[in-house]
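Working notes for the structure below.
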Amino acid sequence: MSVPPTPSKDFIREIIDEDLSSGKHDGTVTRFPPEPNGYLHIGHAKSICLNFGIAQEYGGRCHLRFDDTNPTKEDVEYVDSIKEDIQWLGFDWGDHIYFASDYFEKLHEWAVGLIEEGKAYVDEQSAEEIRKGRGDLQNPGTDSPHRDRPVAENLEMFQRMKDGEFGDGEKVLRAKIDMAHPNLNMRDPVLYRILHAEHHRTGDTWCIYPMYDYTHGQSDALEYITHSLCTLEFENHRPLYEWFIENLPVPSHPRQIEFSRLSLNYTVMSKRKLLQLVEDSHVSGWDDPRMPTISGIRRRGYPAEAIRDFCKTIGITKFKSTNDISLLESSVRDVLNRGANRYMAVLDPIKVVVTNYPEDQVEEFDAMINPEKPDLGMRKVSFSRELFIERNDFLEDPPKKFFRLAPGAEVRFRCAYFLRCDDVIKDEEGKITELRCTYDPETRGGENPPDGRKVKGTIHWVSAKHALDAEVRLYDRLFTHESPDNVEGSFLDHLNPDSLEVISHAKLEPNLAAVPVGKTVQFERLGYFCVDLDSSEEKPVFNRTVALRDSWANAQNKS
Ligand code: ATP
Ligand code: MG
């Protein structure tokens with residue numbers, strides 16, 4: 001009997017397996033630790049899927065912890081959006097929601113402890129002097145003139161910092177580690193800074209705030225995190241992370257493990273740049289469907305399942321790489337192909353008059369709601385004498401293998417009839433305004449007629465008098481440059497001017513009126529489209545989530 005191969009695990013899950021089988025831990029506790037200073041993006045989704053995914057797989061738990069140590073950039077708006085996004089992605093922190101600011105008291109107490117043990121001191125140098133004194137990779141740093149201040153004086157000064165006696169930046173508390181350490185992060189890092197700023201949770205209780213590095217690991221330890229998973233840029237912060245754990249009376253010893261960040265081509269992911277796109281109105285907001293934010297992706301109509309699938313596909317490694325956005329799009333197509341109901345919609349309408357069809361007659365045809373889910377059954381679509389078809393489904397002078405409509409040619413109008421084009425009507429400028437066609441009553445329902453005649457093409461259509469008018473927004477990549485983060489000059493110079501095309505008079509099958517905001521459907525032959533929150537009773541608005549095929553790849557192959 002052959003044994004099925006065990007699916008290969010990423011290196012983090014291998015470490016966890018070892019820690020569980022060696023008895024080092026008897027369960028896993030992970031955390032997702034966002035700073036509430038922006039909206040989450042698809043990169044965060046990778047970390048969310050990893051941390052919450054491990055909790056699910058190992059029967060452990062995953063905390064949501066806001067690392068809110070920088071009051072000047074943080075806001076409850078961000079806290080709320082982050083919670084919403086994680087839930088939308090399908091994950092649940094249960095009762096385990098925490099804020100680093102809840103630990104400010106404890107962190108302060110521990111800082112006082114470090115001072116008492118001679119492991120921290122108040123420095124009065126300016127930020128610039130401290131930076132210079134730190135040295136660089138070739139040169140050791142130089143000691144601050146305040147490094148050997150007596151403990152009692154440090155304690156008093158730190159108290160006065162806390163009491164608000166000094167202005168922003170006048171003094172800092174630094175750890176006393178090693179000014180010649182090969183790792184710059186170990187050269188007496190700053191633990192506390194003075195910031196007379198109101199915090200979104202602690203108000204004006206504090207005017208000294210702990211630095212991120214001094215907060216993060218201790219928060220992990222206070223929450224009994226077993227595996228503290230972070231991105232590679234924290235690799236050389238690990239010795240400091242461990243120094244704090246060793247030198248403070250923490251209740252547990254988490255292990256920091258780094259993995260590579262998600263990065264995607266044709267977009268930017270840094271919160272600073274995303275904020276700039278929003279603030280300078282290059283996009284309509286954090287949830288603009290072109291944004292790589294979770295809220296943008298959601299508004300665009302990407303299903304959460306597709307994001308999870310995508311994160312699974314790219315996996316967890318230590319290698320830096322950029323993923324192709326078309327890989328994400330293909331996860332989106334896979335999920336939508338299975339789940340999205342089908343409808344007909346015409347984006348660039350041209351009128352068809354069926355000359356042999358009675359003026360006032362209307363017939364209802366059955367069309368499948370979703371061929372992938374036959375149980376859903378059929379929907380009704382109305383056919384009448386005047387129809388709309390897609391302008392590019394007709395060519396007056398077609399090339400050889402054009403199987404759509406052309407003068408004299410016959411095609412199937414999906415689930416209705418075979419129609420033949422007899423006449424082309426144009427305006428003075430030569431623009432086609434109408435096509436005159438005749439239908440064959442023997443092809444009812446789009447069936448082949450008794451004479452066995454066949455057609456190669458099937459096109460979609462909408463009955464003119466039943467059609468629903470809609471706005472449809474077509475999106476393309478936000479940047480024309482594959483790597484807008486690595487360009488000379490500004491990333492803004494590479495914004496795609498055609499990233500949004502608005503079609504204001506699309507014609508939709510009326511069944512689409514019942515589709516709720518946020519739901520994604522398939523417009524047959526065109527792609528997947530999602531009802532936008534800008535929709536009104538009078539005029540629905542649809543976002544193109546993704547085309548049926550990767551037209552970008554096709555276009556590039558052609559050029
Ligand atoms: P910044 O620190 O510039 O504000 P950030 O992207 O690091 O931005 P955080 O809120 O600190 O934002 O991130 C929360 C968590 O998400 C961190 O653990 C971080 O490592 C992880 N993370 C952020 N960006 C990515 C990414 N592109 N890929 C994978 N994980 C990421
Ligand atoms: Mg960060």
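For this chain, numbers begin at 1 and follow the sequence in order. Both counts, for ligands and for their atoms, begin at 1 and track the order of listing.
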Compare [options] and give the one whose heavy atom is closest to [atom].
| atom | options | result |
| --- | --- | --- |
| atom 13 (O) of ligand 1 | His216, His44, Met269 | His44 |
| atom 28 (N) of ligand 1 | Asn51, Leu262, Leu275 | Leu262 |
| atom 14 (C) of ligand 1 | Ser263, Pro33, Gly38, Gly43 | Pro33 |
| atom 7 (O) of ligand 1 | Glu258, Arg272, Arg261 | Arg261 |

- request: For Asp75 and His200, test the side chains for any donor-to-acceptor distance below 3.5 angstrom and give the result as yes or no.
  value: no
Tell me whether the guanidinium CZ or amine NZ of [X] lies under 6.0 angstrom from the six-membered ring centre of [Y] and within 45° of its axis.
| X | Y | result |
| --- | --- | --- |
| Arg149 | Tyr121 | no |
| Lys318 | Phe259 | no |
| Arg477 | Tyr266 | yes |

query: Taking non-hydrogen atoms only, is Asp67 closer than 4.0 angstrom to ligand 1 via side chain, backbone, both or neither?
result: neither
field: ligand 1 versus Glu35: contacting region, heavy-atom distance under 4.0 Å
entry: both
- request: Apply the ring-ring contact (aromatic ring centres under 6.0 Å, His included) test between Tyr192 and each candidate in Phe104, Tyr209, Phe158; give the one that qualifies.
  value: Phe158
Subset of ligand 1 atoms that lie under 4.0 Å from at least one heavy atom of Ser47: 16 (O), 21 (C), 30 (N)
- request: Step by step, work out the salt bridge (charged side-chain N to carboxylate O under 4.0 Å, His left out) result for Arg201 and Asp102.
  value: CA-CA 9 Å; Arg201 282 177 64 84; Asp102 293 340; 3.3 Å; yes
